[in-house]
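What follows is a set of notes on a single structure, which appears directly below.
Here is the naming used below: chain letters follow the sequence lines, and residue numbers restart at 1 for every chain.
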Amino acid sequence: MSWQVVAYDLFSVLIYPGIIFLVALALFYQWVDRRVYARAQNRYGPHHTGPRGLLQPLADLIKLLAKEDIEPSAVDKMIFRAAPILLLTLVFTALFMVPISGTSAIVSFEGDLIFLIFIMTLFAILAFLAGWGSTNRFSLVGGMRAALQTLGYEVPLAVSLIGPAILAGTLSVSNIVAWQAAEGFWSILLNPLGFGIAIIGIIAIIEVVPFDIPEAETEIVAGWQTEFSGRKLGLLRLAHDLELVFVSGLVVALFLGGPTGPIPLIPGIIWFIIKTVIIVFIIGFIRAQFARFRIDQMVSGSWKYLVPLSILQIIILQLYLMI
Amino acid sequence: MSDSTFTIPIGPQHPALKEPEHITVTIDGEYVVDVKVRLGYVHRGGEKAFEARTYTQGLYLVERICGICAMAHQLCYANNVEGLLGITPPRRADFIRTIIAELERVHSHLLWVGIAGHEIGWDTLFMYTWRDRELVLDLMELATGNRVTHATNAIGGVRRDLTPDMINQILKGMRHLEERVKYYAKAVPAERTVMKRAVGVGILKPQEAVDLCAVGPTLRASGIKRDIRKDDPYSAYDETPFDIITNDGCDVAARVLVRVGELFESLKILDYCIEHLPSGPIRVRVPINVPPAENVSIVEAPRGEDIHYGKSNGTDKPERYKVRAPTLANWASVPTMLKGGYVADLPITLAAIDPCMSCTDRIAIIDIGKRKKWVGSTDQLRRHIKKCHGK
Amino acid sequence: MAMRDECAKSLLKKPSTLVYPFEKYESIPGSRGKIVINTLESSDNKCIGCGLCIRVCPAFALEMIGKGPTCDMKWYAGRCVFCGECVDICPRSAITQETTYDLADSNQDGLIYDYKRKRNPEGNVKE
């Protein structure tokens, strides 16, 4: 292996489209999300720090990192300290498998879609562990809700994400994107139901209204995040924003053709940003429309409606492939 | 207590509560098993402070019992002192008081709809209703000079007259409000996530509501037709036509519907009062010293019956002044509403009685064993507090 | 999604909130704001130091320094409840209320307004 290859790999992991670029993107998406949510409610949202408030998420992050980090004496120290770092690591790992600048991701192998679905479950497990380790009543309830909520959204989300894989005949996200680029059409055309279910599922993953049950502010303070403060809370917030990039990127890759577009002159990254911003916009707008579900309503509703619909989608795809 | 239950402390500091109050909730998984309410975190010594102030100064103290039902408390106080003096305010003052009181009801109920939305996570509703509530506040600022604590009543009348220009602006603002209220009355029940969280939640059966002395919209949402404005009219309510809104739902949804219905009734009352506003003086002169007497006055605040008791002793300061804010009467029914429900329904059920905690906190130490009230000096009280804190 | 139309419209509209320190809310005529006490000697409506306003004030927000027609007045904005009783009771209409509402200050002293009379170097009030 020559040094050029090593340098290129380091560059792509650390800078573009690696960690630094992803963090910048995450902060930008947080701004888009907050802005859309605020404008839908007829108010400004972040508008002061930087041009049009673009630097506000960064300012928030720096503020949190600089604040006092309180560690209650009763917490399980190992889990409590590890949770934010593990969550951040998990999100980065997942993001490296999502194609961002070209049809191929930094890491890709046959079956990485299954691996990604596994990581998405780990998010909830980690939330449960963090809540458990906090030894706070609110955290405990929040952690249990996070784990319960997984039972609701995991199956329909996984089934709907498999839809494009069946079409492309591969279980690698990069290959699915390549297949869509080669075929010249987006799998949403055959997968409209799956796309809708995937959007609902990713809203549940990033825990925003109407599925912000694990961190329902007015019920259990901040849920499993209640005891975190300072640096740890800053990292959790950053991880949350990166999750937003990850889930929107994954949906774009699977359903909307990933970082490719009809006009070949525009580089892939621009297509990626345009498409993901649309997804973030949809999430922000949906966030303004609903009240929070109760945990029992969420789980039973998802098994009653989402699971049958996602299976129906798979059946439709199989029929299409048979014809 | 079995092993499967554990307690969650709600408050004194909690995002669902805007004011400090403590509720101990015993839960089993997601179900509420037991509820204990503990009041008294914001005792402000208001009743004692009345005794050190003249009747005119008391007007501004009584407003500050509650920022949202400021007008109701002040009106009750003014009625009370006027009763002690044995005078009646001019008719025009009665109408102006009614107009301001109804504007306040509109603002309070709009505020409540927003809070209820926020408690179940629908912040959009909160933002929109509070935006429209701003208009009511502007109208009140125009009519009285202040946005929240209006300082508009005087003993023996009101302090500021309504000019034709103000009346025009109020009418214009009301047309806009009516449109908005109609929109919310349609949009909120149409939102399925809201109704899923509100229907069948926080049940308070009619008999329980009466037994537990619930008041105001909480009582009317249990199907009991009771409203001080009709039953014991004060100010201009004796000739104003309006309906008492009731609902047989007995749940949170019913409380929403009752309040939305009352918004329309309030707008109707406002229309009538502005149309029939009599001309004449707005204030009569009153003596500074009040002859010895006792009086009880009741006013229908946006949250329910507000009862004031006053005792004068011939000087310019009251001998005793007692306030029973409506929320205190509603607290007793809260454990009944919460038991057997979900933890997730706790904030909305609490919010449904429209609690105003700071208004409720009074102190009366009663020794249950000896059935004796305990009245102590400041020193004794200080010692008692030290004992409570284990010092 | 009952309010989706309203929300979609709001996306295109200018927000109804103000960018507060840069944009200011226009105060409504007749609203009760800053208290101004006229202690100018040349005016007909000057303060005569009767002390009625201090007796009537429910919040103890006014203070008289000195006695009678030569007194200085102090207004504590931090204590004031803006009820306007002093304005109503003043027999010379020396107290007026402006509609200025943003009186907050980062400094305690910024909340105390002195209304002093013009004095000679010897400390006597100029007549």
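- If you measure heavy-atom distances from E191(B) to chain A, the contacts under 4.5 Å come from the side chain alone.
- Heavy atoms of I27(B) lying under 4.5 Å from chain A belong exclusively to its side chain.
- Your options are D345(B), L346(B), L125(B), V194(B), and the one with the most heavy-atom pairs under 4.5 Å with chain A is D345(B).
- Contacts between residues 29-41 of chain A and chain B, counted as heavy-atom pairs separated by less than 4.5 Å, involve Y37(A), A40(A), Q41(A).
- Proximity to chain A is limited to the side chain of V201(B), based on heavy atoms less than 4.5 angstrom apart.
- At a heavy-atom separation below 4.5 angstrom, chain B is approached by V209(A) within residues 206-215 of chain A.
- Identified by a heavy-atom distance below 4.5 Å to chain A, contributing residues of residues 247-262 of chain B are lacking entirely.
- Heavy atoms from other residues, nucleotides or ligands lying under 6.0 Å from CZ of R43(A) number more than 12.
- Contacts between I120(B) and chain A at a heavy-atom distance below 4.5 Å involve backbone atoms as well as side-chain atoms.
- Open room surrounds NZ on K172(B); 12 or fewer heavy atoms of other groups in view lie less than 6.0 Å from it.
- Using a 4.5 Å cut-off between non-hydrogen atoms, the part of residues 277-306 of chain A that approaches chain B consists of A288(A), Q289(A), F290(A), A291(A), R292(A), F293(A), R294(A), I295(A), D296(A), Q297(A).
- The environment of R131(B) atom CZ is dense: over 12 non-hydrogen atoms of other residues, nucleotides or ligands sit within 6.0 angstrom.
- Among D123(B), I348(B), L350(B), the residue making the largest number of heavy-atom pairs under 4.5 Å with chain A is D123(B).
- Annotation: side chain of V343(B) is not in contact with side chain of V141(A) (no heavy-atom distance under 4.5 Å).
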